[in-house]
Novice: 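First the structure, which I've put down as structure tokens, then a few questions once you've had a look.
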Amino acid sequence: MIDIKNVSKWYGNFQVLTDCSTSVKKGDVVVVCGPSGSGKSTLIKTVNGLEPFQKGEITVDGISVGDPKTNLSKLRARIGMVFQNFELFPHLTIRQNLTLGQIKVLGRSEEEATAKGLKYLERVGLLSQQDKFPGQLSGGQQQRVAIARALSMDPIAMLFDEPTSALDPEMINEVLDVMVGLAQEGMTMMVVTHEMGFARRVANHIIFMDKGIIVENCTKDEFFGTTRSDRARDFLAKIIH
Ligand SMILES: Nc1ncnc2c1ncn2[C@@H]1O[C@H](COP(=O)(O)OP(=O)(O)OP(=O)(O)O)[C@@H](O)[C@H]1O
Ligand SMILES: [Mg+2]
């Protein structure tokens, strides 16, 4: 589904990604972790063309992301992305947040978009909140709306960039539960997170990055087992208390 081959990227003289390769099969859940500044966000943003790269190749469902002929907005519409800070439209109600992209980008009728949006809002347990504005919801609720909004676009894969790291601890699980459900239903997911409980439960693969390099790319059993690199071991020791 997602194929990343020998991708390198520079910001000016600074190399942020060095020869990164990995592939994500349909239905796989890949967790990306590593220290701050190691290039995790940059890597997943290259997958839907939010960040250009200078070397290598990325294909999503057979479509080349780096090919100038590729219609990136069309591709992006098919890949759901959920960020740390929810990025809901503050001046629109929850229902309008859910339908806007479907209507503007996918050309759905308001009726169809509303039906689909509310189906996913119900799925994340927030149907009763549809007439509120984002500012009237908690962080965990806003993030669940952001996930419902992404799902309403019928994505072929979902990218998450630290979806729970801006949340108060008691709200983390309500978001992770939604993500675990998605994973168990077979959604293809790339998830930047340091929630190792989530990784243990649903990840097929774990990528550990350091200084723009994919240092580890292995199964979770290997990752949590004994074969990992010193750098990954040090990192894990710091985040698992
Ligand atoms: N627009 C930019 N211009 C220049 N350098 C950038 C830019 N965006 C990111 N960087 C640098 O690239 C490196 C990787 O950043 P990135 O955001 O991908 O790291 P990260 O692993 O997601 O970190 P964090 O855990 O803090 O989110 C960092 O050193 C960062 O300072
Ligand atoms: Mg980041």
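Each ligand, and each atom within it, is numbered from 1 in the order the structure gives.
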Novice: Would you please classify the geometry between the Phe208 ring and the Phe235 ring as parallel, tilted or perpendicular, with 30° and 60° separating the classes?
Specialist: tilted
Novice: Tell me, do Leu43 and Val47 make a side-chain contact under 4.5 Å, heavy atoms counted?
Specialist: no
Novice: Between Asp161 and Lys45, does at least one N-O distance fall below 4.0 Å, as a salt bridge requires?
Specialist: no
Novice: Does NZ or CZ of Lys9 lie under 6.0 Å from the centre of the six-membered ring of Tyr11, at an angle within 45° of the ring axis?
Specialist: yes
Novice: Can you find a side-chain donor-acceptor pair between Thr164 and Gln143 that sits under 3.5 Å?
Specialist: no
Novice: Considering only heavy atoms from C-beta outward, does the side chain of Leu182 approach that of Ile147 to under 4.5 Å?
Specialist: yes
Novice: What is the number of protein N, O or S atoms that sit under 2.8 Å away from the Mg ion (ligand 2)?
Specialist: 1
Novice: Considering only NZ, NE, NH1 and NH2 on the basic side and carboxylate oxygens on the acidic side, decide whether Arg233 and Asp230 come within less than 4.0 Å.
Specialist: yes
Novice: For ligand 1, give me the residues whose heavy-atom distance to it is below 4.0 Å, by chain and number please.
Specialist: Tyr11, Phe14, Val16, Pro35, Ser36, Gly37, Ser38, Gly39, Lys40, Ser41, Thr42, Glu162
Novice: Does the side chain of Ser165 come under 3.5 Å of the side chain of Gln84 through a donor N or O and an acceptor N or O?
Specialist: yes
Novice: Does the side-chain contact (heavy atoms from CB on, under 4.5 Å) test come out yes or no for Thr93 and Gln130, once each step is laid out?
Specialist: CA-CA 7 Å; Thr93 65; Gln130 56 178 295; over 6 Å; no
